[in-house]
> 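Have a look at this one before I ask anything.
The figures here come from the full heavy-atom set of this structure, side chains too, leaving out hydrogens, waters and symmetry mates. Per chain, numbering begins at 1; letters A, B, ... match sequence-line order.
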Amino acid sequence: MSSKVKIFLFSILLLLDGCTIEPPPESEMEKLTHWHLQALNLPFEITEINFFPKEYNRKEKYYPVTIKVKANILDKDKKNIIYTVDNTYFVKFHRILYEYWLAHFNLVREAPVESIVKDICSEKFSVDEKNVEVISINSIPDNQYCYPVEITIKNKGTNSTFTLPFHQDEFGIWHIGVSKLITPESTVRSFLSEVNEGNTDKARRYFSYGYKLGYDELDQKNLEELFPVGSIKDVAVSDVITRNDTANLNLTVVKTNLDTFKTNLEFIKLGIEWRFNYNGWDWKFKPADSINLGSTE
Amino acid sequence: MKLHFTKLDIFVLIIIAFLGFINLATPFGGDQALFITGSQALADGKTLYKDFWDYKPPGIYYFYYIAGSIFGFTEVGIHLFELLLWLSFSIFLIISLRYLNIFENRYIVSLAPLFTAGIYYISSTIFTLTQVEGIINSFLYLTLFLAIQASKVEKRKFILLTFSGLIGGIVLTFKLMFLPIIGMFWLSTFIYTVFIQKQNFVKTIKEFFLPVAAGLAIPLLILFIYYLQTGILELVYKTLIVYPPRLLNEVPLGGYSKLYRLFIWYFDKFQIMIAGGILGIIISLFYKKDLFLTNLIFWLLLGIVVIVLTRISWWRYHTHLLNVPVGILFLVTIDFISSAVKKYKFVNSWIGKLAIILTFFVLFYTEVKACFPKTRYTFKYLKASAEIEKKNVIKGLTDDNNKYPYTYKNIDILNKPNSLPGDIFAASTPLFYYLSGRSQATPLNGWILELFLKEQWPEFIKQLKEKQPAYIFIGDKYPDLVPNLSPETAQFIKENYTVVRSNKSGIWFVNKKQLQNYSAVK
């Protein structure tokens, strides 16, 4: 068809409602934002959420949407607000079919503001916020994940100056120190360390959450059966293959009873963090099947 | 009507037979695999909707059932039956168009099958072949022709209208949404009889609608009694009447961009036919003023309305519904031009005729070109004698819609020496059943999980509990979608099944209980 004919037909059809690919409905975007925040492992309530869809990326087939979300993070009893976040996410929405989508969240990172630095430092050094003086908040160095923040703490007449690394996790919460999840290997080691200490209820934090189903009670039970408290003797990681947003590695865990557990794990990168790519179906931490039913992978 | 065929008629019929032939070995798409799974269930004595459930009305399943029972439940068997239908239609088209006398040039009548059945076959793909919208053309045409005939004759009016109603009833067993099209055929013929032929209104109502209603009622009544006897009338009523409109409200189907892309594709693919068809509409309305042609315009317009209203789908195969009206209206234009230019000597010379043939060849070169790979594939398939060779030929067919390689790659898990026996459930293409030879364990199928209504998910879990499929396959997009649609189902599978293989193609689960029993026996 000649380009003139195409332009003519296109112009006529543009008169119809909704001729370009539509962004995900807001209800779907809100639902997926909820699922993403599930990995917090703490109750939360979204107080404000706004969506800013951009033009559909035809080449890579995703809908880019900026999501601004304000949320209160509560304690386990849902009584007190322990943190308030005001996050901006750049989200890639991939259509599964019809109006069902998968979302890949990326937190838009900015340097911490002075009030946050003061708040966190006063808690860390057990001093009043008035005694925390922020000298400088530096920009983030290349390939680094933390903002170097220079502060002075006034305590009992003495002034101490520190340069502290500030990092923001994927939920917008600021921490002092380097994230434990910045490489696939550190993610798996940190995860197993928690499991070995019996903190399986915290394991949710290590999994990607684009799905409603994910790390659940059944998985927790299996994990506890496989690795009872103190049962992990040694952890070895090999064959780490890292691509842009995904990674694979082979894990070998030697238990105190000298049993060996081996598995291959897949990771997905969310912002600066690497998490287990788990959609709730194929739980990797289970004893090897006693019989082979033809599985090749 | 006399059965006299010209050499051109025979030539065109041979071409149609050839075009059908090169589509015989076309692999099944997901829909066709679902139809063959359902029709095989019928052949096993099971009841549609009760033992095998789908949203589609029963017509397509009975079509596959008859085709499979006669020629075998295989690609060739089903497509051969369809070819016979298209060939019968082509013969009938030539006879009826000659009788209707709407073309000034006899050779145009001969070309009619080429621009209806031929265009269908040339443009058919794995995904679009032997779908309702293609098959229904013959039945719609017959319904229309019989109604038109009835308005033209004095004798046998009752029989013609009864048969028109009967065929119309069969059309409805394929899709209730076609009612406006066949309804318009009858209504326009009735109006023509009363207002143009000046027949008595009341008398015409009796003479016209009574036989139509009687004919229409026959297939519907047979199905009604059958479903009443099998005790599933309520389920069938819900499936065909209640669920479809609910789907539109309850399933997030998305916006109109899909429809837009469908029309862009259709215009792009059939631009010459559409251009000729539009001119044909103008010629029909302002020059020919013929009842038959007017009804073809109704078919075309209402067909577009039906496509737009079928919001759940908006798939390309839906446009096959327009094949016959577009093809004949296109020929109206060719006939008109042909009559206008035939006084010129050049046109009647052999050079002129050659030039016309070449022009057509150039205009439809893309379509003609598409036949070559199909021909090569069909001969390669038919040349392969052993089943394994045929399998390899299909696997080797490069086509995005060819899911055989994907399915074969995955079902190998069912054919190992230590594989568990028993029925399976695949949340994926129903080719898993067709190619593995295993039956679908549950009545609800896994091809359209996204279109389940809320109350169907608990029913599905109930069926899984009851039927205990040995294996469950969650393919492609469904690992992400099932937890989204029904976390309870995902939880049920997770608790009762264990993963035996997981990769980008999907996840295979095996039933934990059966696995334990199997291990104990071993």
> Between atom CD1 of A:Ile96 and atom CG of B:Asp476, what is the distance when rounded to the nearest 0.5 Å?
11.5 Å
> For A:Asn279 and B:Pro479, work out which heavy atoms get closest and say how close.
ND2-CB, 3.5 Å
> Side chain, backbone, both or neither: which part of B:Leu485 has a heavy atom under 4.5 Å from chain A?
side chain
> Is B:Leu253 in contact with chain A via its backbone, its side chain, both, or neither, using a 4.5 Å heavy-atom distance?
both
> Can you tell me how far CG of B:Asn484 sits from CD of A:Glu28, rounded to the nearest 0.5 angstrom?
5.5 Å
> Has A:Lys54 got more than 12 heavy atoms of other residues, nucleotides or ligands less than 6.0 Å from its NZ?
yes
> Mark yes when over 12 heavy atoms from residues, nucleotides or ligands other than B:Lys512 sit less than 6.0 Å from its NZ; otherwise mark no.
yes
> Please flag which part of B:Tyr497 lies under 4.5 Å from any non-hydrogen atom of chain A: side chain, backbone, both or neither.
neither
> Would you indicate whether A:Lys284, at its atom NZ, is surrounded by more than 12 heavy atoms from other residues, nucleotides or ligands within a distance under 6.0 Å?
yes
> Mark yes or no for whether B:Glu450, through its side chain, and A:Leu97, through its backbone, hold a donor-acceptor pair below 3.5 Å.
no
> Take atom CD in A:Glu55; do more than 12 heavy atoms of anything else shown fall under 6.0 Å from it?
no
> Crowded around B:Asp400 CG? As in, over 12 foreign heavy atoms under 6.0 Å?
no
> Applying side chain to side chain contact (heavy atoms under 4.5 Å, CB included), run through A:Glu99 and B:Val251 and close with a yes or a no.
CA-CA 8 Å; A:Glu99 287 306 299; B:Val251 175; over 6 Å; no
> Could you give me the CA-CA distance, side-chain angles and deciding distance for A:Trp281 and B:Val482, then say whether side chain to side chain contact (heavy atoms under 4.5 Å, CB included) is met?
CA-CA 10 Å; A:Trp281 296 103; B:Val482 172; 3.9 Å; yes
> First locate atom CH2 of B:Trp508, then atom CG of A:Asp282, and finally report the distance between them rounded to the nearest 0.5 Å.
15.0 Å
> Distance from A:Asn264 atom CG to B:Ser502 atom OG, nearest 0.5 Å?
10.5 Å
> So what's closer than 4.5 Å to chain B heavy atoms on A:Glu266: side chain, backbone, both or neither?
neither
> To the nearest 0.5 Å, tell me how far A:Trp283 CH2 sits from B:Lys494 NZ.
7.5 Å
> Sub-3.5 Å donor-acceptor pair from the side chain of A:Tyr98 to the main-chain atoms of B:Ile312, do we have one?
yes
> Can you tell me how far NZ of B:Lys477 sits from CZ of A:Arg95, rounded to the nearest 0.5 angstrom?
13.0 Å
> Are B:Val499 and A:Lys286 packed together at the side-chain level, in the sense that at least one heavy-atom pair is separated by less than 4.5 angstrom?
yes
